[in-house]
Each structure stands twice: as C-alpha cells, then as structure tokens.
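In what follows, a structure is listed as structure tokens, so that the remarks can point back to it.
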Amino acid sequence: MAYLEPAPIKDKENPLDSMMSRFDEAARKLGISEEMYYILKVPYRQVVVGLPITMDDGRIKVFEGYRVLHSNILGPSKGGIRFDPHVNIDEVKALAAWMTWKCAVVDIPYGGAKGGITCNPREMSAGELERLMRAYTIAMLDVFGPDKDIPAPDMGTGPREMAWLMDEYSKAKGMTVQAVVTGKPLVLGGSLGRTEATGRGVMVCALAGMEKLRLNPFKTTCAVQGFGNVGSHAANLLHERGVKVLAISDMTGGYYNSNGIDIQEAMRYVEKNNKSLEGYAGAEKITNEELLTLNVELLVPAAKEDVITEENASKIQAKLIVEGANGPTSANADPIINSKGILAVPDILANAGGVTVSYFEWVQNRLGYKWTQERVERRSDRIMKDAFDKVYQASVQYQVPMRIAAYIVAIDKVSQTYKFRGGY
Ligand code: NAD
C-alpha cells in the first residue's frame with residue numbers, strides 16, 4: 001500500500017509538510033486501511049472564488065478567495081480566514097486538515113475547514129477590507145452556516161472582520177445569525193475568556209505535563225518565545241501558578257532575568273509600548289535563539305512555526321515543551337527531541353484552547369445565553385485536561401511520542417465515526 005512507505009518530507013522547513021508526515025506516521029501506527037487513509041486525507045469540498053472589489057481610487061481589483069472544507073464527519077466544519085499575500089489553495093487545504101485533527105483531539109463536535117484571500121491587508125484601507133470581506137461572505141453564502149461551516153479569525157483578520165461577515169450573512173438571511181462565525185466582538189455575541197483561551201490551554205497542558213514529569217510548579221523555571229496573544233497569557237497564567245518565567249521574547253529579541261520576569265509588568269509595558277518589548281528594562285537582552293536553549297525545565301514556543309529545528313534541537317535543555325504556536329517544531333527535529341527524553345506536548349493539543357472557547361461561543365450563540373468567564377474557564381480547562389490525558393494514554397499504549405499519539409487519537413475518532421456513518 002502506497003501510504004505504508006515512510007512519508008518523504010518534501011520540505012523540512014515547511015510546517016505543512018511536517019504535519020502531513022506526522023499524519024502518515026500516525027495512520028501507519030494505527031493501521032487504518034488504505035481506503036480510510038484517502039477518505040481522511042482528501043477534503044470533501046474546495047471552493048475558489050474571484051472577488052472584484054472597487055478600490056478607494058475607483059479602480060476595480062479582482063482578489064482570489066478560498067474555502068476548503070476538509071471534513072464534516074464529526075459536525076459542521078470550523079476554521080479561520082487568513083488574509084495574506086502568500087495564501088494559496090494548497091496552504092488552505094493543509095490548514096483545513098490541521099483543523100480537523102485539532103477539533104478531534106479535544107473532542108469537540110466539529111470538522112475542519114480553512115479560508116483565505118490572497119491580499120495584503122497592511123496595504124488596504126478599512127473600507128477596502130470591509131468590501132472584500134462582505135463580497136467573500138456573499139460568495140460563500142451556501143458554504144457558511146451555523147450547521148454547515150463556521151469561520152473564525154486567522155492571520156490578518158480579527159473581530160472587526162468577523163463582525164462584517166456576521167452582518168453580511170445576517171442581511172442575506174433576513175435575520176441575525178450570530179452563530180455563523182466565532183471570534184466576534186463581545187457585544188456581537190463573542191465569548192468571555194476567548195482572548196486568554198489559547199494561552200490558558202497552554203498553561204493547563206504545561207501543568208499536566210509537569211505532573212507527569214513530577215515537576216513542582218513552584219520549583220519550575222520556564223522560557224516563553226513570543227509575547228503576543230498566546231505567549232503573554234500563557235506566561236502570565238503559568239506565573240500565577242508559581243512557575244518562574246526566566247525569559248520572554250518577541251520580534252525584537254529575548255529578555256532574560258535569572259530572578260524571574262514580572263509578567264504583569266511586562267504585559268503593561270507591551271500595552272503602552274506599541275505591542276513591543278523593545279526597551280523593556282526588567283531583564284537583560286538575549287536572542288530568540290538563545291532563549292530556546294536556556295537552562296529551564298519548561299519551554300513554550302508561542303511565536304511562529306519552525307523555530308525548533310534539527311540544528312538547535314540537540315541544545316535544548318528543557319524537560320518539557322508545550323507548543324503554543326502552530327508547527328514550531330520541524331519534523332526533522334522530532335527524533336532529536338524524542339531521543340533526549342523531552343516530553344513535547346504538540347500544537348494540535350496544546351493550542352486547542354482557542355478553538356475550544358470558539359466552540360463555546362457558538363454554543364452560547366445557539367442557546368441565546370451568555371456564560372460567565374468562570375464557567376467558560378472551568379469547562380475549557382476540563383476539556384484540555386481530558387484531551388491531555390487521552391493523548392498521554394495513547395502515547396503509552398502505542399509507545400509513541402505525544403505528537404504522534406495526538407494524531408492517533410484524532411484519526412481514530414474521525415475514522416470510527418466515518419465507519420458508523422458509512423459512505424456510498
Ligand atoms: P500574535 O501576533 O499575537 O503574537 C506573536 C508574537 O510572536 C509577538 O510577540 C511577535 O513579536 C512574536 N514574533 C513574531 N515573529 C517572531 C520571531 N521571528 N521571533 C520571535 N518572536 C516573534 O500571535 P498569536 O495569536 O499569539 O499566535 C502565536 C502563534 O500561536 C502562531 O503560531 C499562531 O498560529 C498560534 N495560535 C494562536 C492561536 C490564538 O488563539 N491566537 C490559537 C492557536 C494557535
């Protein structure tokens with residue numbers, strides 16, 4: 001069978017190829033049939049649209065938009081919309097599959113999808129972006145729907161774009177349909193707790209990992225790469241639970257303090273300093289590369305893909321890695337991390353707190369009710385802890401690292417469901 005051959009990694013620096021190679025390895029371990037392998041691999045619907053938009057100078061420019069629905073076996077598909085000059089259908093296809101496995105790992109009743117428009121949002125006015133988002137929504141009117149496909153923000157989009165999408169969809173349907181999209185502003189039916197959700201899930205996974213390694217949080221040191229939404233909240237919540245965060249970083253470099261960084265103070269600094277740590281005085285300056293190899297117990301890469309590579313993996317001193325970012329470890333670094341006995345909690349599990357609270361947003365919209373932050377946090381903590389335990393158990397049962405175990409849990413869930421539902 002073709003897929004039983006070791007999966008070639010086409011491009012070791014490409015996180016999407018890395019993801020596919022891990023999917024293949026998990027499929028082999030699980031021993032699924034070749035038929036099932038292709039059912040799981042091929043997206044069930046791909047839509048490409050041309051979007052003519054009147055620009056501010058009066059010219060008409062045509063943008064290409066995509067939506068790939070990878071799977072709807074577990075429920076309506078879920079996934080973000082990316083505005084980026086380099087986005088293309090292949091990237092969107094791979095990211096849609098990634099969403100299927102992420103939702104399945106945390107056991108929420110969603111399939112995976114992803115959308116994108118090839119555009120440069122930094123060079124466009126708010127008016128141009130609004131017309132583009134509204135045109136895309138109309139073009140996808142028969143794709144989106146609270147029971148069919150539920151978009152969310154991704155690179156280059158945020159609550160503002162989701163509000164436009166909800167408004168345009170609602171106008172077309174003749175009624176307000178909040179549940180068609182998540183990541184909305186709070187007043188439009190967004191959920192409390194969504195902002196911190198991904199960082200919070202990282203914290204839950206880190207504490208669960210520490211328990212497995214018998215590390216006392218009060219005696220554990222940590223380095224966090226990236227101080228944006230995921231990294232800053234993860235650092236703050238870990239700090240609140242006793243972990244000493246020795247280093248943080250952003251695009252401007254790393255910041256190290258052997259006595260521990262005051263995370264609240266750093267967050268206030270970034271808020272005032274145009275979202276940047278540049279000039280932060282509470283620490284000495286190091287590089288992002290140095291941060292990864294510091295002498296700490298816990299490492300949280302929460303900035304970008306492919307930062308842990310076969311070049312630096314052997315120098316990592318942490319005992320536990322919790323992946324806040326998507327794809328921070330290249331597939332070629334995996335064997336090195338594993339041979340060093342490092343427990344690596346993979347992205348599809350560790351950063352799934354965000355999609356979990358997006359699911360809660362959809363649930364609240366459908367209930368016509370608002371949960372307190374406390375309820376959102378309690379329920380998402382439970383989902384994240386249960387998912388961690390399930391993946392850990394699978395890693396013991398199949399004798400594989402947690403990364404492959406996470407794909408095993410996800411593939412098993414989707415393929416079992418498919419078998420019960422049946423096909424043609
Ligand atoms: P963000 O834009 O809020 O923050 C990114 C941070 O990383 C910033 O501090 C930025 O300065 C820093 N950074 C960027 N490039 C860097 C580099 N080369 N070296 C060091 N630092 C760098 O983004 P975010 O929402 O926190 O997302 C971070 C990662 O987490 C991404 O991989 C994203 O896909 C993933 N993720 C985010 C969410 C979410 O809910 N926000 C959910 C799942 C996964």
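Numbering of ligands and ligand atoms starts at 1, following listing order. Heads up: numbering here begins at 1 and tracks the sequence.
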Per-atom contact, atom 18 (N) of ligand 1, protein heavy atoms, under 4.0 angstrom
yes
With a 6.0 Å cut-off (strictly less than), is the heavy-atom count around NZ of Lys171, excluding the residue itself, greater than 12?
yes
Evaluate the salt bridge (charged side-chain N to carboxylate O under 4.0 Å, His left out) criterion for residues Glu361 and Arg194: first the C-alpha distance (whole Å), next the side-chain angles of each, then the deciding distance (0.1 Å), finally the verdict.
CA-CA 8 Å; Glu361 179 176 334; Arg194 175 62 186 90; 5.6 Å; no
Could you tell me whether Gln416 atom CD has more than 12 heavy atoms of other residues or ligands within 6.0 Å of it?
yes
What's the shortest heavy-atom distance between Gly209 and Leu320, and which atoms?
C-CD2, 3.9 Å
List every atom of ligand 1 that sits less than 4.0 Å from any heavy atom of Arg194, numbering the atoms from 1 in the order shown and giving each element.
40 (O)
Taking all non-hydrogen atoms of both residues into account, name the closest pair between Ile336 and Asn332 and its distance.
CD1-O, 4.0 Å
Kindly state if atom 11 (O) of ligand 1 has a protein heavy atom within a strict 4.0 Å cut-off, that is, under 4.0 Å?
yes
Contacting atoms of ligand 1, where contact means under 4.0 angstrom from a heavy atom of Lys304:
15 (N), 16 (C), 17 (C), 18 (N)
Asn351 and Thr198: CA distance, side-chain angles, deciding distance, side-chain hydrogen bond (donor to acceptor under 3.5 Å, both in side chains) verdict:
CA-CA 5 Å; Asn351 68 35; Thr198 307; over 6 Å; no
Which of the atoms in ligand 1, numbered in the order shown and given with their element, are less than 4.0 Å from a heavy-atom of Ala325?
29 (C), 30 (O), 32 (O), 35 (C)
Starting from atom 26 (O) of ligand 1, find the nearest protein heavy-atom neighbour and note its residue, name and distance.
Val230 N, 2.9 Å
Check: Phe144 ring centre within less than 6.0 Å of Tyr169 ring centre:
no
Counting heavy atoms only, which of Thr195, Asn229, Thr198 is nearest atom 40 (O) of ligand 1?
Thr198
Is the shortest distance from a heavy atom of Gly354 to ligand 1 less than 4.0 Å?
no
Could you list the atoms of ligand 1 found under 4.0 angstrom from a heavy atom of Ala303?
7 (O), 13 (N), 21 (N), 22 (C), 28 (C), 29 (C), 31 (C), 32 (O)
Which residue and heavy atom of the protein sit nearest atom 33 (C) of ligand 1, plus the separation:
Asn326 ND2, 4.1 Å
